[in-house]
Amino acid sequence: PFEFSQGICVGSSDQFCVNNNGSVGGTLTFTGVTSMNGLLTLNAGQLQSYTNSTSTTATAYTLVVGDVLNYDTVLMTPNTGDLTLTLFASSSATTLVPTAGDRQDTCFVNSTTTAGIDITFATGAGIALLAGTSTTPVKDLTISAGEMGCFTFVRDISRTTTFDIIAAFTEFSSAE
């Protein structure tokens with residue numbers, strides 16, 4: 001390893017610099033998989049901007065893992081009428097949450113501008129689909145036009161007779 005008593009800059013001094021006290025300045029961009037061991041502290045908030053924006057004329061569709069893999073948000077526009085989205089099978093989701101305890105969050109926005117066109121979610125094989133119970137009555141698994149629902153996908157321990165991915169759904173409805 002090299003040691004620099006006054007710090008080091010890569011590119012011009014406003015691109016990326018590590019000062020002699022270990023602080024980093026400038027813009028640092030990672031491409032590909034980045035792994036960090038230890039606590040990540042974000043002092044200026046977090047922008048999640050990896051979005052899958054799509055539309056469909058289908059009224060029923062089975063999601064594939066690629067539809068949600070690493071996406072923070074899926075903007076879904078049903079163009080024909082109500083849409084039922086069935087989650088993928090857990091056996092096909094080895095890259096989504098590969099190890100027991102791994103977790104990914106993905107939100108779906110019903111981006112249609114037509115009132116009355118809903119998106120309803122259904123479970124896939126090996127997926128335990130849970131709905132939030134924070135509102136009374138308990139919401140179903142449907143998001144209306146202009147509304148949003150978020151999934152937290154968690155790989156559970158492997159079981160031979162039941163589910164090994166938990167898909168916890170929280171719905172957000174208009175407060176007006």
T54 side, atom OG1; L75 side, atom CG - distance, nearest 0.5 Å: 10.0 Å

task: Taking all non-hydrogen atoms of both residues into account, name the closest pair between T112 and P78 and its distance.
output: OG1-O, 3.7 Å

message: To the nearest 0.5 Å, what is the distance between OG on S90 and CZ on R155?
response: 6.0 Å

message: With a 4.5 Å cut-off on side-chain heavy-atom distances among I, L, V, M, F, W and Y, is there a chain of contacts connecting V65 to F151?
response: yes

field: Residues which pass salt bridge (Lys or Arg N to Asp or Glu O under 4.0 Å) with D105, listed by chain and number, not counting sequence neighbours
entry: R103

message: Can you confirm whether the side chains of S55 and T77 place a donor and an acceptor under 3.5 Å from each other?
response: no

- request: In sequence, state the C-alpha distance, the side-chain angles, and the governing distance for C150 and F172, and then conclude on side-chain contact (heavy atoms from CB on, under 4.5 Å).
  value: CA-CA 8 Å; C150 297; F172 298 91; 3.9 Å; yes

query: For I157 and D164, which heavy atoms make the closest approach, and how far apart are they?
result: O-CB, 3.9 Å

message: Can you tell me which residue among T120, L85, L83, I119 is in a side chain to side chain contact (heavy atoms under 4.5 Å, CB included) with I143?
response: I119

- request: Output yes when a side-chain donor or acceptor of D118 lies under 3.5 Å from a complementary backbone atom of D82, and no otherwise.
  value: no

query: So, does Q104 use its side chain to make a donor-acceptor pair with the main chain of V154 at under 3.5 Å?
result: no

message: Taking the six-membered ring for Trp, are F153 and F88 closer than 6.0 Å centroid to centroid?
response: yes

message: Keeping N110 on the side-chain end and I117 on the backbone end, is there a donor-acceptor pair under 3.5 Å?
response: yes

- line: Here the gap from F169 atom CZ to L129 atom CG, rounded to the nearest 0.5 Å, amounts to 8.5 Å

task: Check the pair T86 / F121 against side-chain contact (heavy atoms from CB on, under 4.5 Å), numbers first and verdict last.
output: CA-CA 6 Å; T86 301; F121 295 94; over 6 Å; no

message: How long is the straight-line distance from CG of L130 back to CD1 of I166, given to the nearest 0.5 Å?
response: 6.0 Å

query: Can you tell me how far CD of Q48 sits from SG of C107, rounded to the nearest 0.5 angstrom?
result: 8.0 Å

- request: Verify side-chain contact (heavy atoms from CB on, under 4.5 Å) between L96 and V68, making sure each step is shown before the conclusion.
  value: CA-CA 8 Å; L96 179 71; V68 299; 4.0 Å; yes

- request: Kindly say whether P98 contributes a backbone atom to a donor-acceptor pair with the side chain of T94 at under 3.5 angstrom?
  value: no

- prompt: Taking it one step at a time, do T73 and T106 satisfy side-chain contact (heavy atoms from CB on, under 4.5 Å)?
  reply: CA-CA 5 Å; T73 307; T106 302; over 6 Å; no

- request: Measure up the Y71 and Y50 rings against each other and bin them: parallel (under 30°), tilted (30 to 60°), perpendicular (over 60°).
  value: parallel

statement: dist N52:CG -> D72:CG (nearest 0.5 Å) comes out at 11.0 Å

field: Closest contact, heavy atoms only, A145 versus A115
entry: CB-CA, 4.3 Å

Linked, directly or transitively: V74 and V109 (ILVMFWY side chains, under 4.5 Å): no

task: Check whether any side-chain N or O of T51 sits under 3.5 Å from a backbone N or O of S53 as a donor-acceptor pair, and report yes or no.
output: no

